[in-house]
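The first residue in the sequence is number 1, and the count goes up from there.
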Amino acid sequence: MQFETLKPYLYVIFLQFGNAGLVIIAKAALNHGMNHYTFATYRNLIAALVIAPFALIFERKGRPKVTFSIFVKIMLLGFLEPVVDQNLYYAGMKYTTATFAVAMTNIIPAMTFLMAWVCRLEKVNIKKIHSIGKIVGTLVTVGGAMIMTIVVGPTIGLPWTKGSTTAHQQQSTTHVSPGDNIKGSMMVIAGCLSWSCFYIVQAITLKSYPAELSLTTLICAAGALQGGIVTVIAEKGNNSAWKLQLDAGLVTMVYGGVICSGLGYYLSGIVMKAKGPVFVTSFNPLCMVIVAILGSIVLAESLNLGRVVGGVVIVSGLYLVIWGKSKDESQSTSKCDPNELPPVDHQEIPMTITGTRFGKLDNDAVAIAIPPTKINGK
């Protein structure tokens, strides 16, 4: 398999590694008092400042003009994910847990699939086995994520996690009231819905504004502007919320801005143009698998049977989605296959010969017959 074919898969896997890392450090920063409003604002401002020079250099000649329609879409994109999703998602994480927040992002593939189907961004024919495979694969990935969240099972003893299970459980045990749990759950779900809408609008915008770096810069700039307005309203009179310090909050802002917002929007746009928004979101459940593995190695968290089984189910669902998408691409390519062109049979090309006869202009129409020919031995 050529590297160009592997690129979309490597990009989306990189995105999930980036999201997994952000979840781990963001939860720690929120627990230490990081304000989620200023986090979203500074994160997108940093992303815009980092990506803007690359957009000016590499897309200087091929950048389309920003029409009023494109401007409205960019402002909508800057509102959906940088403002609504990021604020609701991390506010909900404060009221619940990081594990729950990551688990709920696994409903994004199903939401995006339905929206893309309605908006005709995804080809679905229930009479075709590969379309059924995409639908089943999306549901299986969501089910695998739920298994990782709900099913516990016996602990799997690993050499690097021995003796750390009890201590980690004592450290990670936090009390969450039922009211805060419900409020946080609704915030996370609303954020995931907004994130799904963002992917759909981004796919639509890329058709009329196919400049990924410039679009990423404009989205982050619009998000920083609108996020700043929301922060001023929400934190009115609280000037300390804007102060930056050399702590975990600043690291989270820089990491989230460069990796998850800047590179995240850019790479998802590239993959989206080739594979569609459903392909990008289909890999979201992989984030839970990465968090479980990194937590086991880096934080010495214990692995249980539920997480392992859920990870296997998620990988199986991803395989079905990838298989269905590959069949879609092969069918669209075969429609233009020259080997399937019909043979030329008894065609005539009309021609008009103009000449002068006895000083007068004379037009004689003739037709040249072409004998039947064979293409590729057919």
Side-chain angles (χ1 to χ4, degrees), residues 1-24 47 51 77 81 85 89 102-116 121-123 130 133-142 144-145 148 192 195-206 210 212-213 215-216 219 255-256 258-294 310-329:
M1 187 179 289
Q2 296 180 354
F3 179 70
E4 291 295 329
T5 307
L6 284 174
K7 271 186 179 180
Y9 302 94
L10 297 177
Y11 288 163
V12 291
I13 292 174
F14 172 81
L15 291 177
Q16 297 312 315
F17 270 99
N19 291 334
L22 181 61
V23 168
I24 295 173
I51 302 298
L77 287 168
E81 208 284 321
D85 171 54
Y89 181 79
V102 174
M104 291 311 298
T105 59
N106 297 292
I107 66 176
I108 293 178
M111 290 181 175
T112 308
F113 187 89
L114 292 174
M115 293 180 187
L121 295 175
E122 185 69 19
K123 297 178 181 179
H130 62 270
K134 290 191 296 182
I135 298 173
V136 173
T138 303
L139 297 176
V140 168
T141 53
V142 176
M148 290 187 70
C192 292
W195 200 351
S196 298
C197 294
F198 171 84
Y199 281 120
I200 298 300
V201 178
Q202 185 184 15
I204 295 174
T205 306
L206 283 169
E212 294 87 357
L213 288 170
L215 183 61
T216 298
I219 291 173
Y255 178 92
V258 176
I259 303 298
C260 298
S261 290
L263 286 175
Y265 296 161
Y266 170 64
L267 294 179
S268 64
I270 293 177
V271 178
M272 210 172 287
K273 287 175 66 175
K275 300 285 188 178
V278 175
F279 181 86
V280 178
T281 58
S282 295
F283 283 76
N284 274 33
L286 193 61
C287 184
M288 279 201 71
V289 180
I290 297 171
V291 169
I293 296 174
L294 291 180
V312 173
V313 173
I314 287 173
V315 173
S316 302
L318 285 176
Y319 175 79
L320 286 174
V321 174
I322 294 171
W323 173 78
K325 293 292 292 182
S326 64
K327 291 296 182 181
D328 280 344
E329 293 172 3

ask   = If you round to the nearest 0.5 Å, how far is CD1 of Ile108 from SG of Cys197?
value = 10.5 Å
request  = Any chance you could measure Leu263, atom CG, to Tyr266, atom OH, to the nearest 0.5 Å?
outcome  = 9.0 Å
ask   = Checking Tyr11 side chain against Val280 main chain: does a donor-acceptor pair fall under 3.5 Å?
value = no
task = Considering non-hydrogen atoms only, spot the tightest contact between Leu215 and Leu77 and give its length.
result = CD1-CD1, 4.4 Å
message = For a quick test of reading the model, state the closest non-hydrogen atom pair linking Ile200 to Pro277 and the distance between them.
response = CD1-CG, 4.2 Å
Residue list, side chain to side chain contact (heavy atoms under 4.5 Å, CB included) with Ser282, at least two apart or on another chain = Val278, Leu318, Val321
ask   = Of all heavy-atom pairs between Gly269 and Glu212, which one has the smallest distance, and what is that distance?
value = C-CG, 4.1 Å
task = Nearest 0.5 Å please: distance from the CG atom of Leu15 over to the CG atom of Leu10.
result = 11.0 Å
key: Qualifying salt bridge (charged side-chain N to carboxylate O under 4.0 Å, His left out) pairs, either residue in residues 278-291, two or more places apart   = none
task = To the nearest 0.5 angstrom, please state how far the OG1 atom of Thr281 sits from the CZ atom of Phe113.
result = 9.5 Å
request  = Without swapping roles, check the side chain of Ser268 against the backbone of Tyr265 for a donor-acceptor pair under 3.5 Å.
outcome  = yes
query = Hey, what do you get for CG (Leu213) to CD1 (Ile270), rounding to the nearest 0.5 Å?
reply = 7.0 Å
message = Holding to ring-ring contact (aromatic ring centres under 6.0 Å, His included), I want the full list of residues that pass it with Phe279, two or more places apart in sequence or in another chain.
response = Tyr9, Phe283
query = How long is the gap from CG on Asn19 to CZ on Phe14, to the nearest 0.5 Å?
reply = 10.0 Å
key: Nearest non-hydrogen partners of Cys260 and Leu22, listed with the distance   = SG-CD2, 3.6 Å
